[in-house]
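Since the structure comes first, as structure tokens, the remarks are kept for the end.
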Amino acid sequence: MAYFENVNQIKFEGHTSTNPLAFKYYNPEEKIAGKSMEELLRFGVAYWHTFTMDGSDPFGSGNMLRSWDKFSGMDLAKARVEAAFEFFEKINVPFFCFHDVDVAPEGNTLKETYENLDEIVEMIKDYMSTSKTKLLWNTANMFSHPRFVHGAATSVNADVFAYSAAKVKKGLEVAKDLGSENYVFWGGREGYETLLNTNMKLELDNLGRFFHMAVDYAKEIGYTGQFLIEPKPKEPTKHQYDFDVATGLAFLQKYDLQNHFKFNIEANHATLAGHTFEHELHVARINGMLGSVDANQGDPLLGWDTDEFPTDLYSSTLAMYEILKNGGLGSGGLNFDAKVRRGSFEPEDLFYAHIAGMDSFAIGLKVAQKLIDDKVLDGFIEERYSSYTTGIGKDIVEGNTNFHKLEDYALQLPEIKNTSGRTERLKSIINQYLLSALSK
Ligand code: XLS
Ligand code: NI
Ligand code: NI
């Protein structure tokens with residue numbers, strides 16, 4: 001059965017196309033610095049936003065028109081798998097991502113939940129055997145069910161810790177079975193509401209213990225995918241422990257986990273933390289910790305995770321700049337952790353939204369590569385720090401000085417001269433690059 005019968009395979013038609021169901025900039029085969037756009041961008045569809053969620057929000061019930069919603073229970077789960085693989089093929093993505101509860105309903109017991117999941121995972125595996133779409137990552141949802149009210153691995157309740165361990169154990173088995181390239185940990189309820197009732201030290205120590213057990217179990221079963229932590233500062237919990245990349249990195253270093261994890265960076269989580277998307281990518285990159293990306297965008301007027309499809313070209317350009325500087329994303333990719341707006345409730349909107357996101361990152365990729373080729377920022381930054389390549393600066397960088405020598409040097413300095421950082425000039429150059437890429 002076809003779930004998207006009004007849509008054919010989406011193809012690249014170029015920037016003059018007026019066909020709403022065509023890529024204008026994303027040409028999977030086009031080579032950028034020797035690699036295809038498909039290989040460089042590694043797009044993924046988020047199962048939850050596209051096939052499971054129904055548009056409901058705290059003020060209104062589900063309103064998305066989905067042909068699979070005539071089913072329920074396991075039949076619904078199976079219909080979603082069929083719809084998902086039809087969608088993956090038509091939108092032509094190499095990857096998808098899911099939480100355990102997105103693909104299969106929870107049973108009355110953990111055992112029943114496992115049985116449901118096993119049945120659907122078998123079905124997914126079957127579809128994957130003839131599809132080009134692979135699993136970028138899977139994860140365990142440890143935030144929706146009421147049992148996670150006080151957290152999962154950081155719960156006050158040891159039974160919940162054990163239950164969470166069982167879920168991740170199963171998730172790692174699924175990851176191995178489906179050849180998942182990564183396994184994600186997003187701790188939506190790993191945090192606290194008030195210190196009045198919280199033992200933060202114990203919670204963090206437990207989280208460290210939990211991650212070590214996950215590392216051990218992956219090793220035991222021979223699962224070699226990359227572990228990823230997805231930082232987010234708040235929502236649903238007030239203070240989330242994996243606040244941002246820097247906080248997550250300090251945690252990993254303290255618990256000696258830094259060699260087993262990288263970060264999955266979500267644009268909207270970066271802005272919730274008071275950072276730009278490129279800041280988070282940059283901090284991860286310079287620490288060798290950039291693993292994967294949840295590509296979306298927030299709304300500067302709203303203070304929560306709106307998970308919009310990314311259409312801001314300035315942001316996609318600066319993000320792709322970091323990703324290219326990182327030498328790509330390795331086993332990671334660009335997962336659209338994004339949902340169509342409640343008003344965009346027709347099935348075609350799912351295609352329009354993904355096309356918008358894929359085209360935006362394709363443009364970002366092209367412009368970023370050009371900025372790198374022309375050494376626009378590199379050249380400027382190199383010059384800006386040139387005082388560290390000779391004389392006293394060289395001594396500082398090479399560790400050949402101390403406070404005595406620096407004081408002697410400072411005492412005989414004539415007037416100190418600084419030069420402009422040229423922020424506005426650089427921004428106008430980026431605009432020029434953006435506009436010239438678009439007119440080609
Ligand atoms: C929520 C997160 C979530 C993770 C996976 O804000 O983005 O969707 O990506 O659990
Ligand atoms: Ni996410
Ligand atoms: Ni999010």
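Note that ligands are numbered from 1 as they come in the structure, with each ligand's atoms numbered from 1 the same way.
Looking at His99 next to ligand 1, an N or O pair under 3.5 Å apart turns up. The shortest N or O to N or O distance between Lys232 and ligand 1 is under 3.5 Å. Polar contact with ligand 1: absent for Asn264 (N/O pair, distance under 3.5 Å).
A donor-acceptor pair shorter than 3.5 Å can be found between the side chains of Asp337 and Trp48. Side-chain polar atoms of Asn141 and Ser144 form a donor-acceptor pair below 3.5 angstrom. A donor-acceptor contact closer than 3.5 angstrom links the side chains of Gln369 and Asp373.
Assignment of Val184 to the shell around ligand 1 is not supported, since no heavy atom sits closer than 4.0 Å. Using a 4.0 angstrom heavy-atom cutoff, His269 counts as in contact with ligand 1.
Near Asp294, meaning under 4.0 Å from any of its heavy atoms, are these atoms of ligand 1: 9 (O). Residue contact check: Asp305 has heavy atoms under 4.0 Å from atoms 1 (C), 6 (O) of ligand 1. Close approach to Trp48 involves these atoms of ligand 1, each under 4.0 Å from a residue heavy atom: 8 (O).
Atom 8 (O) of ligand 1 has as its closest protein heavy atom Asp337 OD2, 3.1 Å. Residue, atom and distance of the protein heavy atom nearest to atom 2 (C) of ligand 1 are Glu230 OE2, 3.3 Å.
Nearest N/O/S atom of Asp337 with respect to the Ni ion (ligand 2) is recorded as OD2. Restricting Glu266 to its N/O/S atoms, the shortest distance to the Ni ion (ligand 2) is reached by OE1.
With Gln297 as the fixed residue, the side chain to side chain donor-acceptor pair (under 3.5 Å) test singles out one of Thr271, Asp307, Thr306, Thr311: Thr311. When each of Asp242, Asp244, Asp305 is checked for a side chain to side chain donor-acceptor pair (under 3.5 Å) with His269, only Asp305 meets the rule. Applying side chain to side chain donor-acceptor pair (under 3.5 Å) to Asn19 and the options Lys24, Glu13, Lys11 leaves one that passes, Glu13.
With the Ni ion (ligand 2) as vertex, Asp294 OD2 and Glu230 OE2 subtend 100°, rounded to 10°. With the Ni ion (ligand 3) as vertex, His269 NE2 and Asp305 OD2 subtend 90°, rounded to 10°.
By the 4.5 Å heavy-atom criterion applied to side chains, Tyr163 and Leu110 are counted as neighbours.
In summary, Asp100 and Lys170 do not engage in a salt bridge, as defined by a charged side-chain N under 4.0 Å from a carboxylate O. Between Arg66 and Glu346 no salt bridge is recorded (no basic side-chain N to carboxylate O distance below 4.0 Å).
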